[in-house]
Amino acid sequence: MIDSIRQFFTDVSKEMKKVSWPSREQLQESTIVVVVTCMIIAMIVFVIDQGMTFVMKSIY
């Protein structure tokens with residue numbers, strides 16, 4: 001049991017060395033893209049929600 005746990009962490013360590021980590025600039029660019037995309041989607045959902053609210057209030 002202990003040997004398999006030790007082997008697992010050894011394998012994890014080897015795999016983590018193979019990972020291609022983004023640079024600070026790449027990380028900032030990706031973060032900006034995600035935040036802007038979330039804002040755009042939130043605005044779209046808000047507009048649809050307000051439209052549906054208006055339609056429902058008009059019907060009832």
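Only heavy atoms go into these numbers, but all of them, side chains included; no hydrogens, no water, no symmetry mates.
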Honestly curious: do Met52 and Val47 fall in one hydrophobic cluster under the side-chain, below-4.5 Å linking rule?
-> no

Within one Ile-Leu-Val-Met-Phe-Trp-Tyr cluster: Ile48 and Ile59, side-chain cutoff 4.5 Å = no

Any pair counted as side chain to side chain donor-acceptor pair (under 3.5 Å), so long as it reaches residues 9-18, sequence neighbours left out | Gln7-Asp11, Glu15-Lys18

Just wondering, more than 12 heavy atoms not from Ile2 lying within 6.0 Å of its CD1?
-> no

Output side-chain donor-acceptor pairs under 3.5 Å for residues 30-40, partner residues at least two apart or in another chain, one line each.
| from | atom 1 | to | atom 2 | distance (Å) |
| --- | --- | --- | --- | --- |
| Ser30 | OG | Gln26 | O | 3.0 |
| Thr31 | OG1 | Leu27 | O | 2.8 |
| Thr37 | OG1 | Val33 | O | 2.7 |

Could you give all pairs that pass the side chain to side chain donor-acceptor pair (under 3.5 Å) test and reach residues 43-60, with sequence neighbours left out?
-> none

